[in-house]
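Throughout, protein chains are lettered first and strands after them, A, B, ... in sequence-line order, and every chain is numbered starting at 1. For the numbers below, each heavy atom of this structure counts, side chains included, while hydrogens, waters and symmetry mates do not.
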Amino acid sequence: MPELPEVETTRRGLLPHLVGRRVEGAVVRNGNLRWPVTRNLDRRLRGAKVVDIRRRGKYLLFDFPEGHLLVHLGMSGRLSLVPRDQPARSHDHVDVRLEGAQLLRLTDPRRFGAMLWVAGPAEDHALLRGLGVEPFDEAFDGAALQRLARGRRVAVKHFLMDAHVVTGVGNIYASEALFHAGIHPLRSVARIARARWDDLAIAVRDTLTRALAAGGTTLRDYAQADGSPGYFQHESAVYGRAGLPCRRCGTPIRMQRQGQRSTFHCPSCQK
DNA sequence: CTTTGCACCTGTTGGC
DNA sequence: TGCCAACAGGTGCAAA
């Protein structure tokens with residue numbers, strides 16, 4: 001999926017076009033996502049005016065006076081603003097029709113995403129309540145990571161990708177941040193000293209910041225709200241670079257399976 | 001409680 | 001060319 005930089009880029013792209021605008025209705029062509037799309041979405045949204053768009057981890061929250069539309073992009077999801085008369089293609093599952101000539105379209109080939117109406121306070125929703133610290137929150141630092149790791153022994157890459165620990169870091173940026181911190185992805189969190197936790201927190205924030213500046217990473221499905229791709233894949237240090245020389249020391253980058261995911265690291269820079 | 005592996009789903013790629 | 005296995009931005013859940 002889109003990780004934090006892709007979700008945030010989407011949010012920023014939509015914000016100026018949506019806030020203050022009214023929804024005229026919604027069309028659900030295929031509500032079979034990770035969870036069924038809220039029934040009667042059309043009735044819930046009709047006439048409602050968008051107040052704000054927020055992000056929590058990899059979730060987007062469209063705020064209305066009447067409630068919130070919670071959206072997750074899964075692995076292959078994408079939100080785009082398109083002309084109202086643009087014909088729907090095969091994986092265009094939901095259209096939110098806006099006043100004016102445009103609609104907000106959710107496209108998601110793998111259907112791991114979600115679109116749910118939340119009536120009460122969004123923070124109380126089960127999917128959001130257990131989420132961990134935001135990487136750009138001031139509470140996020142080496143000390144916080146070390147505290148969260150207490151009593152655990154999982155591999156640090158797994159730990160970083162756990163949204164109940166830190167939000168927004170997925171498979172690409174976990175590999176990238178660990179490279180910049182010089183930490184081996186398989187290292188147990190029980191064997192990381194304080195100074196290295198500091199390095200890691202800085203590396204996570206720095207990696208996400210640079211990805212954000214590049215408009216995110218486009219491997220295949222992801223695109224910004226206006227349809228343009230992200231460019232971070234061109235500056236990745238290790239992700240997708242198996243066999244290529246490490247940009248720092250020249251050693252070939254290694255790819256291996258960790259859990260069910262591919263992990264990339266430099267055997268000589270990361271210990 | 002923690003850790004591990006599966007499940008969900010479709011499309012693309014690479015090897016034979 | 002065709003076929004099939006492996007792999008792709010995630011994460012809730014069951015089992016141990």
Participant: Would you say that more than 12 heavy atoms from the other residues, nucleotides or ligands in this model lie under 6.0 Å from the CZ of Arg210(A), or not?
Facilitator: yes
Participant: Is there side-chain contact between Thr10(A) and Tyr222(A), with at least one heavy-atom pair below 4.5 Å?
Facilitator: yes
Participant: Show me the protein contacts with nucleotides 12-16 of chain C, counting only N or O atoms at under 3.5 Å.
Facilitator:
from: dG12(C); atom 1: OP1; to: Tyr59(A); atom 2: OH; distance (Å): 3.4
from: dG12(C); atom 1: OP2; to: His164(A); atom 2: NE2; distance (Å): 3.1
from: dG12(C); atom 1: O4'; to: Arg34(A); atom 2: NH2; distance (Å): 2.8

Participant: Tell me, do Leu14(A) and Leu81(A) make a side-chain contact under 4.5 Å, heavy atoms counted?
Facilitator: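 A side-chain contact exists here, since the closest heavy-atom pair is under 4.5 Å.
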Participant: Holding to side chain to side chain contact (heavy atoms under 4.5 Å, CB included), I want the full list of residues that pass it with Pro109(A), two or more places apart in sequence or in another chain.
Facilitator: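 If we apply the side chain to side chain contact (heavy atoms under 4.5 Å, CB included) test to Pro109(A), skipping adjacent residues, the hits are Ser76(A), His91(A), Asp221(A).
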Participant: Reckon His158(A) touches a base, only the sugar-phosphate, or nothing at all at heavy-atom distances under 4.0 Å?
Facilitator: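 If one applies the 4.0 Å heavy-atom cut-off, His158(A) turns out to touch nothing in the nucleic acid.
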Participant: Taking only Watson-Crick and G-U wobble pairs with both distances under 3.5 Å, what dot-bracket line describes DNA chain B, where [ ] shows pairs that cross earlier ones and | shows pairs with another strand?
Facilitator: .|||||||.|||||||
Participant: Just how far, in rounded Å, is C1' of dT11(C) from NE2 of His125(A)?
Facilitator: 14 Å
Participant: Do the ring centers of Tyr173(A) and Phe232(A) come within less than 6.0 Å of each other?
Facilitator: yes
Participant: Does any N or O in the side chain of Arg78(A) come within less than 3.5 Å of the main-chain N or O of Gly227(A), such that one atom is a donor and the other an acceptor?
Facilitator: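 No; zero donor-acceptor contacts below 3.5 Å.
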Participant: Just the endpoints, please: which first and last nucleotides of DNA chain B, 5' to 3', lie under 4.0 Å from a heavy atom of chain A?
Facilitator: dT3(B) to dT12(B)
Participant: Please determine whether the number of non-hydrogen atoms from other residues, nucleotides or ligands lying under 6.0 Å from atom CZ of Arg84(A) exceeds 12.
Facilitator: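 Yes.
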Participant: Are any non-hydrogen side-chain atoms of Lys157(A) and Asn171(A) less than 4.5 angstrom apart?
Facilitator: yes
Participant: Give a yes or no on this: more than 12 heavy atoms of other residues, nucleotides or ligands lie within 6.0 Å of atom CZ of Arg29(A).
Facilitator: yes
Participant: Do the side-chain N or O atoms of His72(A) get closer than 4.0 angstrom to the phosphate oxygens (OP1, OP2) of dG10(C)?
Facilitator: no
Participant: Just to be sure I understand the rule, does Asp108(A) reach a base, reach only the sugar-phosphate, or reach nothing, if contact means heavy atoms closer than 4.0 Å?
Facilitator: nothing
Participant: Given side chains that start at C-beta, do those of Val238(A) and Gln270(A) come closer than 4.5 Å, heavy atoms only?
Facilitator: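 Result yes, sub-4.5 Å side-chain heavy-atom pair found.
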Participant: Would you say Arg21(A) has more than 12 foreign heavy atoms packed within less than 6.0 Å of its CZ?
Facilitator: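 Correct, the count exceeds 12.
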Participant: Is it the case that over 12 heavy atoms from other parts of the model lie below 6.0 angstrom from the CZ atom of Arg257(A)?
Facilitator: yes
Participant: Just by distance, do the side chain of Arg187(A) and the backbone of Ile192(A) share a donor-acceptor pair under 3.5 Å?
Facilitator: no
Participant: Could you tell me the separation between the CG atom of Leu116(A) and the CG atom of Leu33(A), rounded to the nearest 0.5 Å?
Facilitator: 8.5 Å
Participant: Return the polar atom pairs (N/O with N/O) between nucleotides 6-8 of chain C and the protein under 3.5 Å, or none.
Facilitator:
from: dA8(C); atom 1: OP1; to: Ser262(A); atom 2: OG; distance (Å): 2.6
from: dA8(C); atom 1: OP2; to: Arg257(A); atom 2: NH1; distance (Å): 2.7
from: dA8(C); atom 1: OP2; to: Ser262(A); atom 2: OG; distance (Å): 3.1
from: dA8(C); atom 1: O4'; to: Arg220(A); atom 2: NH1; distance (Å): 3.4
from: dA8(C); atom 1: N3; to: Arg110(A); atom 2: NH1; distance (Å): 3.3

Participant: Anything under 30° is parallel, anything over 60° is perpendicular, the rest tilted; go ahead and classify Trp117(A) against Phe64(A).
Facilitator: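 If you compare the ring of Trp117(A) with that of Phe64(A), the planes turn out tilted.
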Participant: With a 4.0 Å heavy-atom cut-off, tell me which residues in residues 143-155 of chain A come close to DNA chain C, sorted by residue number.
Facilitator: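 Nucleic-acid contacts, sorted: none.
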